[in-house]
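Any value given below was found using the heavy atoms of this structure, including those in side chains, with hydrogens, waters and symmetry copies removed.
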Protein chains: 2
Amino acid sequence: MSGEKRRGRPSTGVRDAVLAATEAILAESGVARLSTKEIARRASVAESSIFYHFTDRLGLLQAVVHRHLPRYKEVATEVRERAGTGSLRDNLVDLLDGLDAFYERITPILAAVQADGELRALLADRGAGGEIGPQRALLPIAAYLTEERRLGRVRADLDVDSTALLVVGAAHQRAVYRYLSGAAPLPGTGDVIDTLLPALLDA
Amino acid sequence: MSGEKRRGRPSTGVRDAVLAATEAILAESGVARLSTKEIARRASVAESSIFYHFTDRLGLLQAVVHRHLPRYKEVATEVRERAGTGSLRDNLVDLLDGLDAFYERITPILAAVQADGELRALLADRGAGGEIGPQRALLPIAAYLTEERRLGRVRADLDVDSTALLVVGAAHQRAVYRYLSGAAPLPGTGDVIDTLLPALLDA
DNA sequence: GTCTATAAGTTGATAGAC
DNA sequence: GTCTATCAACTTATAGAC
C-alpha cells in the first residue's frame, strides 16, 4: 500500500508455501489425510516451521479458512454496487458465477471445517451466526436483492432471504457435485437463473 | 421377510453398535477425530471386532454411507407417487422437508466423504456420476417435476433439472448452516417454496 | 526464521486364545 | 464372533543449533 518497507513479517515464502501445500492436500485428500509431515514435504520446508508460523495444527487450518473468506463478501459487494444498473438477469448470473467460483475453491476447506469438530467450534460462535453461518452468508446477498427491490426491479413482496438461500444453495450444490464426481453434467448457471427469474418478477 | 430363521449374521448387536458409535463421532467431532479406538470405546466393543465386521477403516465408512443413502430415493419416490394429487405447493414443501431431514442426518457423513479422499474416490466413479453425484441425486427429483409437467400442473417449458438443483441445493444448504452454527435463524421450508413457486407456474 | 533431532502418544491393523 | 495383547508406523509438538 505505502512506499515504506513492508510491515510485519519479511516473508521468506515459507508461510505461503505451507498454506499452499495445505490447501493442495485438502483438495486432493482431505483433512483425514492432512499431516504436518506431509505438508512439510510438499512445501519443501521443515516440519517445525509450520509450528513456528501457525502455533499448532488448528492455527494452520484457521489461517487457511481466513485466507479465503474475504472473497465471499467481495462477490456480494461487487453485485450490490451494480444494483439498478445493467439487466437483472446479468447481475444474477454474474452473482451465481461468482459464488460458484468461490465455492469451487472453498469446498475442500469447508469440508475440512465440517469434518473437524475443533475447527468447527472455533469458527462457530463468534457473536451470533459465526464466521461461516447463515447471517454472514445470506445477509450480503439479501442486501443486494433488497436494493433491487427498493428500485422496483423485482416484485415488491419478494422474500429476499429465501431468494438468497436459493441462489447460494444452488452455487454451493454445484460446487459440491463437481468436487464429488468430477466433470459430471450439471445445469448451467444461466439456466438456473433463467429458471428462478420469473419468481422475482411481478406477478 | 419370510417366516424362516433370519438369513446371514445372527447379529449380536456389535455390528450395529459400531455403526451407531461411528455416526455419533462423525456428527460430534468429524472424520478428523474418528479413530477405531474411540469407536470401540463408545460401542463398548473390542477394537478388533471392528475389523472383523468391516475389514478396515474404509469399509466401515462405506457401510455408514450405504446405511443412509437409500432414504434419499425413498423421499424422491414418495413425492413422485403423489404427482398430480394434492396441491403442488404441499407436494413441494413435503419434498423440501424430506430432503432437509435427509441432509440433516447425512451432512456429517457427507462431510466425511468430502474430507477423505480415499472414501470419496470409492464412491465417485461407479459408472457415470457415482453414488452421490448429480445424476443419482437430481434425476429422481427431476422425474417428479417432469410428471407434474406432463399433467400440466407446472409450466410446459420448465427446466426440471435446474429446478431440481434449486430445491436440493436449498435443502442441503439449510442443513449445512444448521450443522455449522446450530440454531441460527434460517428461511423456513414453506417460505422457500412460496418464493420459488411462481417460477414453476405459467407466465 | 529455518533447520535437525527427538520424544511421547496415538494410529490402523494382526495373531491367537476362548 | 468376540476378546486380549501386541506392533510398527505415524502423529503433533518441542528443544536447541545456526
Side-chain angles (χ1 to χ4, degrees), chain A residues 5-26 28-65 112-113 115-122, chain B residues 5-26 28-65 112-113 115-122:
Chain A
K5 278 160 188 164
R6 245 186 291 276
R7 290 283 187 91
R9 310 172 236 286
S11 179
T12 26
V14 169
R15 200 189 139 95
D16 284 346
V18 168
L19 285 170
T22 304
E23 288 178 29
I25 295 170
L26 244 33
E28 282 171 37
S29 319
V31 251
R33 314 277 163 177
L34 183 81
S35 73
T36 50
K37 199 159 247 161
E38 173 73 3
I39 295 165
R41 203 187 56 75
R42 286 231 203 177
S44 304
V45 151
E47 205 181 346
S48 61
S49 296
I50 299 171
F51 294 92
Y52 172 80
H53 283 288
F54 303 99
T55 309
D56 59 11
R57 198 190 117 104
L58 214 57
L60 169 62
L61 263 342
Q62 239 187 313
V64 170
V65 172
V113 176
D116 189 321
E118 263 185 278
L119 182 56
R120 194 177 5 138
L122 207 65
Chain B
K5 278 161 190 164
R6 244 186 293 276
R7 291 284 188 91
R9 310 173 234 287
S11 179
T12 26
V14 168
R15 201 190 139 93
D16 284 345
V18 168
L19 286 171
T22 304
E23 288 178 28
I25 295 170
L26 244 33
E28 282 170 37
S29 318
V31 250
R33 313 277 162 177
L34 183 81
S35 72
T36 51
K37 206 155 242 163
E38 173 72 4
I39 294 166
R41 202 187 57 75
R42 286 234 203 176
S44 303
V45 151
E47 204 182 345
S48 59
S49 296
I50 298 171
F51 294 92
Y52 172 80
H53 283 288
F54 303 99
T55 308
D56 59 12
R57 198 189 116 103
L58 214 58
L60 170 60
L61 263 342
Q62 239 188 311
V64 169
V65 171
V113 175
D116 189 322
E118 262 184 279
L119 182 55
R120 201 178 46 208
L122 208 63

J.: From C-beta outward on A:E47, which listed nucleotide comes closest to its side chain: D:dT12, C:dC3, D:dC3?
T.: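 Looking only at heavy atoms from C-beta outward on A:E47, the closest nucleotide is D:dT12.
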J.: What are the two closest non-hydrogen atoms of B:A43 and B:A17, and how far apart are they?
T.: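 The answer is CB-O, 3.6 Å.
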J.: Answer yes or no: is there a donor N or O on one side and an acceptor on the other, between the side chain of A:R120 and the main chain of B:E28, under 3.5 Å?
T.: yes
J.: Tabulate protein N/O versus nucleotide N/O from nucleotides 15-18 of chain D, keeping only pairs under 3.5 Å, one per line.
T.:
none

J.: Search all heavy atoms of A:I39 against all heavy atoms of A:A21 and return the closest pair with its distance.
T.: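 The pair with the smallest heavy-atom distance is O-CB, 3.9 Å.
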J.: Measure from the side chain of A:V45, starting at C-beta and using heavy atoms only, and say which of C:dC3, D:dT4, C:dT14 lies closest.
T.: C:dC3
J.: In whole Å, what is the span from the CG atom of B:D116 to the P atom of C:dG12?
T.: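 B:D116 atom CG is separated from C:dG12 atom P by 11 Å.
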J.: List in numerical order all residues of residues 31-39 of chain A for which some heavy atom is under 4.0 Å away from an atom belonging to DNA chain D.
T.: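 The answer is A:L34, A:S35, A:T36, A:K37.
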J.: Nearest to the side chain of A:R57, which nucleotide is it out of C:dT4, C:dT14, D:dT12?
T.: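 The nucleotide sitting nearest to the side chain is D:dT12.
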J.: Rounded to the nearest 0.5 Å, what separates atom CG in B:L122 from atom CG in B:L58?
T.: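 Nearest 0.5 Å value for the CG-CG distance: 5.5 Å.
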J.: To the nearest Å, how far apart are A:F51 CZ and D:dA13 C1'?
T.: 5 Å
J.: Do the side chains of A:Q62 and A:F54 get nearer than 4.5 Å, heavy atoms only?
T.: no
J.: From CZ of B:R41 over to P of C:dT11, roughly how many Å is that when rounded to an integer?
T.: 11 Å
J.: Could you tell me the separation between the CG atom of A:L60 and the C1' atom of D:dT11, rounded to a whole number of Å?
T.: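 Atom CG in A:L60 sits about 15 Å away from atom C1' in D:dT11.
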J.: Of all the choices, D:dA13, C:dC3, D:dC3, which nucleotide is nearest to the side chain of A:D56 once you look at every atom?
T.: D:dA13
J.: When rounded to the nearest 0.5 angstrom, what distance separates CD1 in A:I50 from OG1 in A:T36?
T.: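 A:I50 atom CD1 to A:T36 atom OG1 measures 5.5 Å (nearest 0.5 Å).
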J.: What is the distance, rounded to the nearest whole Å, between atom CD1 of B:I50 and atom C1' of C:dT11?
T.: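 Atom-to-atom, B:I50 to C:dT11, this comes out as 12 Å.
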J.: Is there any salt bridge (Lys or Arg N to Asp or Glu O under 4.0 Å) pair reaching into residues 46-65 of chain A, and which pairs are they, with sequence neighbours excluded?
T.: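 Of all non-adjacent pairs touching residues 46-65 of chain A, those that pass salt bridge (Lys or Arg N to Asp or Glu O under 4.0 Å) are A:R57-A:D116.
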J.: Nearest of D:dT12, D:dG1, D:dC3 to any side-chain atom of B:Y52?
T.: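 The nucleotide sitting nearest to the side chain is D:dG1.
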J.: With a 4.0 Å cut-off on N to O distance, would you call A:R33 and B:E118 a salt bridge?
T.: yes
J.: Is the shortest heavy-atom distance from the side chain of B:H53 to the side chain of B:V18 under 4.5 Å?
T.: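 A side-chain contact under 4.5 Å is absent here.
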J.: Whole angstrom is fine here: how far is it from NE2 in B:H53 over to P in C:dG12?
T.: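 My rounded result for the distance is 18 Å.
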J.: Can you tell me the distance, in whole Å, between the CG atom of A:D16 and the P atom of C:dG1?
T.: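 A:D16 atom CG is separated from C:dG1 atom P by 13 Å.
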J.: Please report the distance, rounded to the nearest Å, between CG in A:L61 and C1' in D:dT12.
T.: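 The answer, rounded to whole Å, is 13 Å.
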